[in-house]
Asks: 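First, the structure itself, so that you have it in front of you.
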Amino acid sequence: MEKKHLIWNRNAECISREDLEALQIHKLRATVSRMYENVPMYRERMQSARVKPEDIKDLSDLKRLPFIDKPDLRDHYPYGLFSSPMKDIVRIHGSSGTTGRPVLAGYTNKDLKLWCEMMARTLTAVGATQDDVVQIAYGYGLFTGGLGAHQGATEIGATVVPMSAGNTQRQIMMMRDLQATLLCCTPSYALYLGETMAEMGLTPDQIPLRRAALGAEPWSEEMRVRIEQLLGVDAIDIYGLTEIWGPGVAFECLEKHGMHINEDQVIAEIVDPDTLEPLPMGSKGELVLSSVGKEGMPLLRYRTHDICTLTDEPCPCGRSFVRMNRITGRSDDMLVIRGVNVFPSQVESVLVNIPGVTPHYLLVVDRVDSSDTLEIRVEVTEEMFSDMIGSMQALGRQIGEKMKSTLGISAKIVLVEPKSLPRSEGKSKHVQDNRKI
Ligand code: ADP
Ligand code: ZN
């Protein structure tokens, strides 16, 4: 397919680096003051770090600011990190957190407009115009994917088909009947759709899709090639996280070599995940983001725990924003299973409260028919093991229900004999990820 680079907001996206830095420092300073004044936790953190808002004069002063991490959001659940009064908050989104409490973000009206623009830029980079019919198969709800893509596509003036996730046969029917040209969903769901179409005997030229904007979970170049073949599209990587904005933080253009970060709204750093020292451009490390354009819940130096590299090499599309390459891993133990964030500590927190089981467990993650599966192997106690089969089955059901409500996804529960799971000498290994992504 030809590469015709469309740009939504040339003034912003092709800004000179000099002007961008001036804009970033201006917004950074305003956000530091906003958080210092309105968020008690942040004021205390800055005081402990012995830094005052007026000390932040230059972008290089960013490194003097304290980091914010996921547990901070959990500890101040639900509204503790909001920088705007509730009367100005018009939307809440969230994703699963570490202990069953969701990680929440609040948006003001102005925030929603900015986010909308970020997603309009994203979908335009993917090639979307008002002539497109955009089928959105990201979930709608607290998850940022559905509504995020919806607002951006509406802003462009495209025709939006808000399907939400699931119901694959119906998705395919609608896609054909409505002549959808752009698909928005997770890469694993795109693959599943493609495989289902192939099973139905549909070839890529029988479906009108031309592009797919895919994100919310890690995927590989091999997976891109498969999806492109199966659906006959350009498959484009998009990145975001609830805490910062949601989708639209970064997006690939049709060059498909790294995702441009919306740097007028988000300042990106790469740090060493152990020492937390900032690393030079091009180094591999943890991505740290500051959402400086935001009112409702801006965050400064938020640790994404996503491992990647940045590049400032010019891109043929003309955008001046730096690019981040694919996420190659995490600096914590978070897993993304069917687009849902899962931490082994959540599993542990469920198990410690159930009599008859031990805290020895193993999460086995796999990908079957393009869909992620989660099996949780749990060691039962000696007493339980010598008990009747009947109580074991009831125990399995009880664990399954609790896991579903804590993790937000269902898992197959396998109860195993005491002392049968592998023991390790150092840090115990709780995850076996068999997915090849
Ligand atoms: P969302 O799933 O809407 O992006 P969440 O807050 O639920 O937001 O999850 C964010 C996490 O999902 C990111 O920190 C990252 O680990 C993962 N993620 C999102 N987009 C991508 C992507 N394109 N590639 C790899 N991982 C991604
Ligand atoms: Zn580009």
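As the structure is a prediction and not an experimental result, all values here were calculated from the model. Order of listing sets the numbers, starting from 1, for every ligand and every atom in it.
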Asks: State if Arg330 counts as touching ligand 1 under the rule of any non-hydrogen atom under 4.0 Å.
Replies: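 True for this residue.
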Asks: What pairs of donor and acceptor atoms, side-chain ones from residues 77-89 against any protein atom, are under 3.5 angstrom apart with sequence neighbours left out?
Replies:
{"residue": "Ser84", "atom": "OG", "partner": "Arg34", "partner atom": "NH2", "Å": "2.9"}
{"residue": "Ser84", "atom": "OG", "partner": "Glu295", "partner atom": "O", "Å": "3.1"}

Asks: Is any side-chain N of the basic residue among Lys70 and Glu243 closer than 4.0 Å to the acidic one's carboxylate O?
Replies: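 Yes, Lys70 and Glu243 are salt-bridged.
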Asks: Going by ring pair (Phe, Tyr, Trp, His ring centres under 6.0 Å), His93 matches just one of Tyr140, Trp245, Phe143, Trp115. Which one?
Replies: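 Checked Tyr140, Trp245, Phe143, Trp115 against His93; only one passes ring pair (Phe, Tyr, Trp, His ring centres under 6.0 Å): Trp115.
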Asks: Say whether Arg326 and ligand 1 are in contact under the criterion: heavy-atom distance to a ligand atom below 4.0 Å.
Replies: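 Under 4.0 Å: no for Arg326.
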Asks: Measure from the side-chain N and O atoms of Asp111 to the backbone N and O of Gly296, and report whether any donor-acceptor pair falls under 3.5 Å.
Replies: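 Such a contact is found between Asp111 side chain and Gly296 backbone.
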Asks: Let me know which of Glu313, His257, His260 forms a side chain to side chain donor-acceptor pair (under 3.5 Å) with Arg323.
Replies: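 Exactly one candidate clears the test, His257.
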Asks: Any idea which protein heavy atom is nearest atom 20 (N) of ligand 1, and the distance to it?
Replies: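 Checking every protein heavy atom, the shortest distance to atom 20 (N) of ligand 1 gives Ala216 N, 3.0 Å.
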Asks: For atom 15 (C) of ligand 1, which candidate among Asp306, Val103, Asn341, Thr328 provides the closest heavy atom?
Replies: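 Checking each option, the heavy atom nearest atom 15 (C) of ligand 1 is found in Asp306.
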Asks: Does ligand 1 have any atom that is closer than 4.0 Å to a heavy atom of Gly240?
Replies: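 So Gly240 counts as touching ligand 1.
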Asks: Out of all atoms in ligand 1, which are within 4.0 Å of some heavy atom of Thr144? Include the element for each.
Replies: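 Near Thr144, the atoms of ligand 1 are 3 (O).
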Asks: Relative to the heavy atoms of Ile327, which atoms of ligand 1 are at a distance of less than 4.0 Å?
Replies: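 The atoms of ligand 1 under 4.0 Å from a heavy atom of Ile327 are 24 (N), 25 (C), 26 (N).
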Asks: List every atom of ligand 1 that sits less than 4.0 Å from any heavy atom of Glu243, numbering the atoms from 1 in the order shown and giving each element.
Replies: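 Counting atoms of ligand 1 from 1, those under 4.0 Å from Glu243 are 6 (O).
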Asks: Only heavy atoms of Leu241, strictly under 4.0 Å: list the atoms of ligand 1 that pass.
Replies: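 The atoms of ligand 1 under 4.0 Å from a heavy atom of Leu241 are 6 (O), 8 (O), 10 (C).
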